[in-house]
Each structure stands twice: as structure tokens, then as C-alpha cells.
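Report on the structure given below.
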There are 2 protein chains.
Amino acid sequence: MTDSDLSDDLFLILPDGSDETPERATLSFRRSPTVLLTFASNRFTRAAARDYQDRFGLGAMDWRMLVMLTREPGSTVSHAARTIGIDKAAVSRSLHRLQQRQLATATAEGRDSRRKSWQLTDSGRALHDRILAHALERQKRLLSGFSETELRALTGYLARLLENIDGAFDDGPAGAGDQ
Amino acid sequence: MTDSDLSDDLFLILPDGSDETPERATLSFRRSPTVLLTFASNRFTRAAARDYQDRFGLGAMDWRMLVMLTREPGSTVSHAARTIGIDKAAVSRSLHRLQQRQLATATAEGRDSRRKSWQLTDSGRALHDRILAHALERQKRLLSGFSETELRALTGYLARLLENIDGAFDDGPAGAGDQ
DNA sequence: GCTTCGGTGTTGACATGACAACATCACCCG
DNA sequence: CGGGTGATGTTGTCATGTCAACACCGAAGC
């Protein structure tokens, strides 16, 4: 539970009377992982979305679906939504966009006319491969200066953060007797 | 330039004929920092936004502005926008929301009626302190299991990613003669 | 058989934030 | 002085993604 060996001071800017510090304690941007995480993610996804749109005419969502259908061909809407962790509505719209561009097709599965199994067309697979080359190149640029050891550490940390997110909100951090 | 000592295989799932792997090489979700980064950030910001809204009636944007104005009282719209790295339009709207709730006030600065210097009111500072306690608690939960050494490594990695983002898109990874 | 229940996919309404256009003002240079 | 230039802040418009509501189907339960 509360294995919080981390002190609040690690994340705060405390007033010390100088001009550099505020008059009241507040969050440090540079030392708070949550701030850095959202900064980095927002700027990256924004730039990536523009890039995908300019080069290939599809959004970041559609690219994720290309990867998803390459990874697990025959996925349904709800399965894809659960795997990527986004809303099924967005997945449904994305798949229909891909279908409209003939990048993906749906084949009925069983007698249930809704449960469709989706897969990429040949042109969808070709586009996937083209974008994949860009994505890999860009990711390598993003990781420029990282050694393989550092890379593994980073991915490990991010995975641990991901696992912790669920528990960070369940109880509600208010519980602790502040105020 | 290409100090990319990192192999593509680090980020890919390659087909090996088994059932676990796809028939075509594609991005690994668990080993790609960009994927993990956006996953973690999206899920965290979404949950945090809900939390802020439910508990305090303001969005994540407004909370960031509370921190910003605590950090540097007297900031202008454009200065805050540059510091946080988001659009000045969003900052302008957020500040007016705060003003409407009497959490922040603007005082004219010089004769330019547009350049206003913003600061928090007493109730704004009080709300900042209340939310700060929650944010710290939640961040500690998110970092549950991290040692102080690991924390420093993580923040350092994220800062390096942030610095690399600009260069990752400038030239355009497409450099090779498409377009 | 009929009904209830949970899961599925689709659609509409909404919030968020980015981009572009605009009015306004300070500044500078001719 | 007066026009150009750039910065500032505001507003409109759009894309993205979430939530809520709905229609639809399968599987049990009586």
C-alpha cells in the first residue's frame, strides 16, 4: 500500500526567498513525472498526428488500427477497443474510415450481423508497411542518445507506471487525511 | 546524425510461425516507448481530468494554470502558453474561467490594454493548495514501487525525450525521397 | 414460447485542445 | 509623422475522443 518512500519535496519547488522560487510551494514541472509525461506525450502525439495526416492522409487513430489489425487480424470492434484502451466508438468510426478507403474489410462472423471480424486489404497492408518505416525512424530519433540498457529501463518504467495507474485513482487520493 | 545504435528489432514483433506472433512484422506495444508513453499519458490524464472535475469542478487545464500562476505570479497569457507548451487560446479561455469563479484576477500592465498580468486570488491560492495535496498523493501512488534512484532516472529519461521531440520531426523522417 | 439480461456496434451530444483569422497595440524605420 | 512589422489576446472552426443512449442479437431462465 503506502510504500511511499518518496518525499514530497522531490516534486516541489519550495520558497527560499530568492527570485527564482515562488512565494508558495507548488509543483515542479521538471521534476514531476506526471507533468513530464503529459508534456512529452502531448507534444509527440500532436506532431505525429500532423505528420501522419500530411504524409498519408490518416490520423493517429487510424494508424493504431492498422497496427492492431496487423497484429491480430480478425479482431472485432470491442476487442480492438479493449486492447488499445480507447473507446469503442472511436474504433468503430476509425474502422469505417479505413473501410471507405478500402484499407480494411469486414467479414460477417456467425449469424450475428454486428460481430464482424476486421482485416486489412492488400493496400492496407502496404500502407501499414510504409508507415511502419516512418514510425520506426521517428522513434529512433526520439530515442536518440539512448543506449539499449537505458531503453530497456525506460520501457520498464513506463510499463510500471501503466500498471500503477489503475490503483492511483481507485480509492481516491483524497482518502488520506489532508484538510 | 544517425547515432542510432538501436536496432529496429527492439521495437518489432516478428513473425516466427507460432500463433502468438502476427504474420507480418509490426510494432510491439509493450516494447515501443512511444506507444507506452501515449498509453500511459492518455489514461492518466483522462482519469486525472475526471478526478479534478468531480472533486473541484475544474479541468486539468485549469489546474495547470493554478500551478503556473503560483509559480510565476503576474504571468501574461502568452508567457504562460509558452511555458506550459500549449496553445494561447486554451490559456486565454482557462484564465477567463478562473476569473469567472474569482480564482484569478487580471491587472492591466502598462498602457497596452491587452497585456494583462494575471495572479491568483486568496481563494485561488487556497484551492491550489488543496489540489496540490491530492496531486502529490496521486503522483506518489503512480510511482509506487519506484526508488528515488529510479525516479531520478525516469525523470531524466522523460526530459531527454522531450528535448528530442523537436528534432524528431524537423527534417521529417521521410527524408528518403518520397513526396 | 416469451422474457430478461449482458454484450455488441452505431449514432448523437459534448468537452477538450489545436489551428487560423482577426483586431489591437507597441515599436521601429523611412 | 505614417506605414510597416511583429507580438498579443480573443474568437471561430475543426478534429479527436469520451460519454450516454439506442438498436440489435445470443443465451439463459421461467
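Model, not experiment: these values are computed from the prediction. So that the names make sense, note that chain A is the first sequence line, chain B the second, and so on, each numbered from 1.
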Can you check the [X] [atom1] to [N] [atom2] distance for me, whole Å?
X	N	atom1	atom2	value
A:Gln100	C:dT10	CD	P	14 Å
B:Asp54	C:dA15	CG	P	14 Å
A:Gln99	C:dG9	CD	C1'	13 Å
B:Leu58	C:dT16	CG	P	10 Å

Quiz item: According to the interplanar angle, ranging from 0 to 90°, do the rings of A:Phe39 and A:Phe29 count as parallel (below 30°), tilted (30 to 60°) or perpendicular (above 60°)?
Solution: tilted

Quiz prompt | Ring geometry between B:Trp63 and B:Tyr52 (parallel below 30°, tilted from 30 to 60°, perpendicular above 60°) | solution = tilted

Exercise. Name every residue in residues 61-71 of chain B that has at least one heavy atom under 4.0 Å from any atom of DNA chain C, in order of residue number, or write none if there are no such residues.
Key: B:Met61, B:Arg64

Quiz item: With distance as the sole criterion, is a donor-acceptor pair present between the side chains of B:Thr21 and B:Asp16 under 3.5 Å?
Solution: yes

Quiz item: When you measure from the side chain of B:Gln139 to the backbone N and O of A:Thr34, does any donor-acceptor pair fall under 3.5 Å?
Solution: yes

Exercise. Map B:Gln53 and A:Arg50 onto DNA chain C by nearest heavy atom, then report which one ends up closer to the 5' terminus.
Key: B:Gln53

Quiz item: What salt bridge (Lys or Arg N to Asp or Glu O under 4.0 Å) pairs are there with at least one residue in residues 97-106 of chain B, not counting sequence neighbours?
Solution: B:Asp62-B:Arg97

Quiz item: What's the verdict on ring pair (Phe, Tyr, Trp, His ring centres under 6.0 Å) for A:His96 and A:Trp118, showing C-alpha distance, side-chain angles and the deciding distance?
Solution: CA-CA 10 Å; A:His96 285 285; A:Trp118 290 82; 5.8 Å; yes

Quiz item: Is NZ or CZ of B:Arg160 both nearer than 6.0 Å to the six-membered ring centre of A:Phe146 and within 45° of the ring axis?
Solution: yes

Practice problem: Summarise how protein sits on nucleotides 7-13 of chain D as a single string, 5' to 3': B when a protein heavy atom is under 4.0 Å from the base, S for sugar-phosphate-only contact, - for no contact. | Solution: BBBBBBB

Practice problem: Kindly determine whether B:Arg55 and B:Asp51 satisfy salt bridge (charged side-chain N to carboxylate O under 4.0 Å, His left out), including the steps that lead there. | Solution: CA-CA 6 Å; B:Arg55 291 183 194 281; B:Asp51 199 54; 3.0 Å; yes

